[in-house]
Amino acid sequence: MEHYSVEQKIQDFLAIIEAKNPNEPEFLQAVKEVAVSVIPFISSKKEYQGKKLLERMAEPERIIIFRVPWVDDSGEIQVNRGFRIQMNSAIGPYKGGIRFHPSVNLSVLKFLAFEQVFKNSLTTLPMGGGKGGADFDPSGKSDMEVMRFCQAFMTELCKHIGPETDVPAGDIGVGSREIGYLFGQYKKIRNEFSGVLTGKGLAYGGSLIRPEATGYGVVYFAEQMLKTIGRKIDGKIAAVSGFGNVAWGVIKKLDQLGAKVVTISGPDGYVYDKEGISGEKVDFLLELRASGNNRAEDYTKKYPNAEFHAGKRPWEVKCDIAFPCATQNELDLEDAKALVSNGVMCVCEAANMPSTLEAINYLLDNKVLFSPGKASNAGGVATSGLEMTQNSIRLNWTSEEVDARLKEIMIGIHRVCRDYGKEEDGYVNYVKGANIAGFVKVAEAMLAQGIV
Ligand code: NDP
Ligand code: 2IT
């Protein structure tokens, strides 16, 4: 055994995960990224050895898959597939978003639930990890179709969640409208008004700043990263992808802090606005998203000085700081090379796993400041945690109070990532730092609770 190298341990571990989870490329990608950082750490700690901690973390505690039948506006019956992955409850009730998108499948939700466990641990709040969703495509659906779908989805999901068990929230395709319909149906069936969901409207238990929180948190994190090299957000050129909830929050805060945001993107291509997306243009992003067209190109109808690049990603534009805010694997090796050759200093992930493993390794090798989503986008779920606290104490905090707590949490996450991720030459590997720091709290709780 003494010649059993760490490299070999990683290979053997991944071979088992791969055999157990065939046809799940996104899940394997997420596990691999964590294993490469965490297995060497486990090997260096006697108390963690032989406990199968990572093996246990990579196996969901429970997966619920269910039929979601509903009737569309033309009277036709539609059948979708619903999921909830209850990944790990060692440090608190399962917590994580719900995604409605045609690309949703078991692999995508398992990768998201796995990431969520580490992310929630990093927030320091008592939240386990989970994720759910459906292969429902909200684009082009009427408001009443979305309502009927949400009701059908919750009719089954409500048997498996609760404020002390599992607390879902929004994600791609699930915003305040959907959370409202989901909450209404839960309350009707369970006859219980509780903090079972976060991202709720202000009138029924929501928290101020939750809509902005993911994006604001990302920029607070980027501020801390830049500070380590003596730089500021002010005056920087920023490239952003997506134009959804997270992209909006990122752009709003970057604009406030004096950066010039020059891109947004959608599934159709990207927009380059050399004058900068600021002021009323930031508010227009909300309208653009609410239109349900999913076309970034529509921005140029309102602001004709901006250019649209069909079928392309924004990473070819020269920028100082880059924020992928759309979806998984939207920044690959070629994109990473383009960013580096254009002199990017910081790539801060806002979406979940937007960069491929090859892209991450290239950015790390080139000593770019790079932060994984599980660290830099944790402000969304952290503020969900603050919403749960306000629901429990039956009080509402002011925007200033929530924002101050969010900022403090992001600074704390940055600090632990730096502490665990600092390399001999002083470069901070935030991927390693986030994985190890996120792992430790969950591991300690699991060890204390026995083999369950
Ligand atoms: P939104 O639904 O508001 O926006 C998502 C954007 O990404 C849309 O423009 C969407 O367009 C686009 N998109 C989605 N899937 C694809 C795809 N396969 N290819 C190209 N574009 C795509 O979602 P959010 O802003 O909430 O989420 C964005 C990212 O941030 C996701 O990775 C999410 O998991 C992550 N995140 C969200 C948090 C939150 O609090 N909301 C918290 C932390 C992370 P379209 O619908 O047309 O595909
Ligand atoms: O990916 C995420 O962290 C989210 N979609 C937010 C989850 C939450 O429970 O607020």
Side-chain angles (χ1 to χ4, degrees), residues 26 92-104 108-109 111-120 122-123 125 127-133 136-140 166-179 195-200 206-207 209-218 240-251 264-270 285-286 288-296 298-299 311 313 323-331 349-355 372-388:
E26 293 87 0
Y94 308 108
K95 180 86 197 85
I98 292 178
R99 177 176 291 192
F100 291 164
H101 196 271
S103 63
V104 162
V108 168
L109 293 183
F111 112 66
L112 288 162
F114 183 75
E115 291 278 291
Q116 199 80 46
V117 173
F118 294 81
K119 183 195 306 193
N120 293 3
L122 285 169
T123 67
L125 302 176
M127 301 182 291
K131 200 86 186 189
F136 171 75
D137 185 357
S139 63
D166 184 352
V167 183
D171 192 78
I172 292 178
V174 178
S176 59
R177 175 181 61 165
E178 291 74 18
I179 293 292
V196 67
L197 290 158
T198 60
K200 299 185 292 297
S207 174
I209 302 290
R210 178 63 188 89
E212 294 86 351
T214 309
Y216 280 17
V218 167
V240 170
S241 64
F243 62 95
N245 169 262
V246 173
W248 165 74
V250 165
I251 295 171
I264 54 163
S265 74
D268 53 337
Y270 80 89
L285 296 178
L286 292 177
L288 193 63
R289 183 73 187 134
S291 75
N293 284 336
N294 298 334
R295 284 160 51 92
D298 290 354
Y299 179 95
R313 293 163 168 174
F323 297 87
C325 302
T327 193
Q328 61 272 6
N329 293 330
E330 53 156 324
L331 195 163
E349 290 191 340
N352 285 310
M353 206 170 76
S355 315
K374 64 172 77 79
S376 35
N377 75 28
V381 74
T383 307
S384 281
L386 301 178
E387 182 174 331
M388 290 167 74

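Position 1 is the first residue of the sequence; numbering continues from there. Counting starts at 1 for both ligands and their atoms, following the listed order.
- Among all protein heavy atoms, the one lying closest to atom 37 (C) of ligand 1 is Val246 CG2, 3.4 Å.
- For atom 3 (O) of ligand 1, the nearest non-hydrogen atom of the protein is Asn245 N, 2.9 Å.
- Atoms of ligand 2 found under 4.0 Å from any heavy atom of Asn352, numbered from 1 in the order shown, are 1 (O).
- Atom OG of Ser291 is separated from atom CG of Asp298 by 6.0 Å, given to the nearest 0.5 angstrom.
- Considering every non-hydrogen atom in both Ala169 and Lys95, the closest pair reads CB-NZ, 3.6 Å.
- Using modelled atom types, no side-chain atom of Glu349 and backbone atom of Pro372 make a donor-acceptor pair closer than 3.5 Å.
- Heavy-atom contacts of Lys119 reach the following atoms of ligand 2: 1 (O), 2 (C), 3 (O) (cutoff under 4.0 Å).
- The shortest contact between atom 33 (C) of ligand 1 and any protein heavy atom is with Asp171 OD1, 3.2 Å.
- Ligand 1 has no atom lying under 4.0 Å from any heavy atom of Ser103.
- Between Ser384 and ligand 2, at least one N/O pair is under 3.5 Å apart.
- When hydrogens are left out, the protein atom nearest atom 29 (C) of ligand 1 is Ala326 O, 3.3 Å; that is the closest non-hydrogen contact.
- Between Gly173 and ligand 1, at least one N/O pair is under 3.5 Å apart.
- Nearest heavy atom pair, residue Asn352 against residue Asp171, reads ND2-OD1, 4.1 Å.
- Within ligand 1, counting atoms from 1 as listed, the ones closer than 4.0 Å to a heavy atom of Cys325 are 28 (C), 29 (C).
- Looking at Ala169 next to ligand 2, no N or O pair under 3.5 Å apart turns up.
- Under 4.0 Å is where a charged nitrogen must lie from a carboxylate oxygen, and between Arg313 and Glu330 no such pair does.
- Closest protein heavy atom to atom 7 (C) of ligand 2: Gly97 N, 3.5 Å.
- Near Ala350, the atoms of ligand 1 lying under 4.0 angstrom from a non-hydrogen atom of the residue are 30 (O), 44 (C).
- Considering backbone and side-chain atoms together, Lys119 places no N or O closer than 3.5 Å to any N or O of ligand 1.
- Interface of Arg289 with ligand 1, defined as ligand atoms under 4.0 Å from a residue heavy atom, comprises 1 (P), 2 (O), 3 (O), 4 (O), 8 (C), 9 (O), 11 (O), 46 (O).
- Taking each heavy atom of Leu122 and Ala375 in turn, the nearest pair found is CD1-CA, 4.0 Å.
- Heavy-atom minimum distance, Asn294 versus Ser139: ND2-CB, 3.2 Å.
- Of all the heavy atoms of Arg99, the ones lying under 4.0 Å from any atom of ligand 1 belong exclusively to the side chain.
- Atom CD1 of Ile264 and atom CG of Leu285 lie 5.5 Å apart (nearest 0.5 Å).
- At least one heavy atom of Arg210 sits under 4.0 Å from some atom of ligand 1.
- The closest heavy-atom contact to atom 4 (O) of ligand 1, among the options Ser376, Pro354, Gly244, comes from Gly244.
- Contacts between Glu115 and ligand 1 below 4.0 angstrom, taking non-hydrogen atoms only, are absent altogether.
- Residue Met127 places every heavy atom at 4.0 Å or more from ligand 2.
- Listed by number with element, the atoms of ligand 1 under 4.0 Å from a non-hydrogen atom of Ala351 are 29 (C), 30 (O), 32 (O), 35 (C).
- Remark: Glu387 does not engage Arg210 in a salt bridge, criterion side-chain N to carboxylate O under 4.0 Å.
- Among protein heavy atoms, the minimum distance from atom 17 (C) of ligand 1 is reached at Thr327 CG2, 3.5 Å.
- The protein non-hydrogen atom at the shortest distance from atom 5 (N) of ligand 2 is Asp171 OD1, 3.0 Å.
- Heavy atoms of Glu115 found under 4.0 angstrom from ligand 2: none, in either backbone or side chain.
- Taking both residues in full, the closest heavy atoms of Ser207 and Thr383 are given as OG-CG2, 4.5 Å, listed atom of the first, atom of the second, then distance.
- Minimum heavy-atom separation, Pro324 to Pro354: CB-CB, 3.6 Å.
- Counting the atoms of ligand 2 from 1 in the order shown, those under 4.0 Å from a heavy atom of Lys95 are 8 (C), 9 (O).
- Distances below 4.0 Å separate heavy atoms of Phe243 from the following atoms of ligand 1: 9 (O).
- Contacts between Asn352 and ligand 1, counted as non-hydrogen atom pairs separated by less than 4.0 Å, involve both the backbone and the side chain.
- Among all non-hydrogen protein atoms, the one lying nearest atom 27 (O) of ligand 1 is Ile172 CG1, 3.6 Å.
- Within ligand 1, counting atoms from 1 as listed, the ones closer than 4.0 Å to a heavy atom of Pro267 are 11 (O), 21 (N), 45 (P), 47 (O), 48 (O).
- With Val381, Thr383, Thr214 as candidates, the residue nearest to atom 42 (C) of ligand 1 on a non-hydrogen basis is Thr214.
- The part of His101 lying near ligand 1 is the side chain, judged by heavy-atom distances below 4.0 Å.
- Under the 4.0 angstrom criterion for non-hydrogen atoms, Pro168 is not in contact with ligand 2.
- The closest non-hydrogen atom to atom 6 (C) of ligand 2, taken over Arg99, Arg210, Lys131, comes from Arg210.
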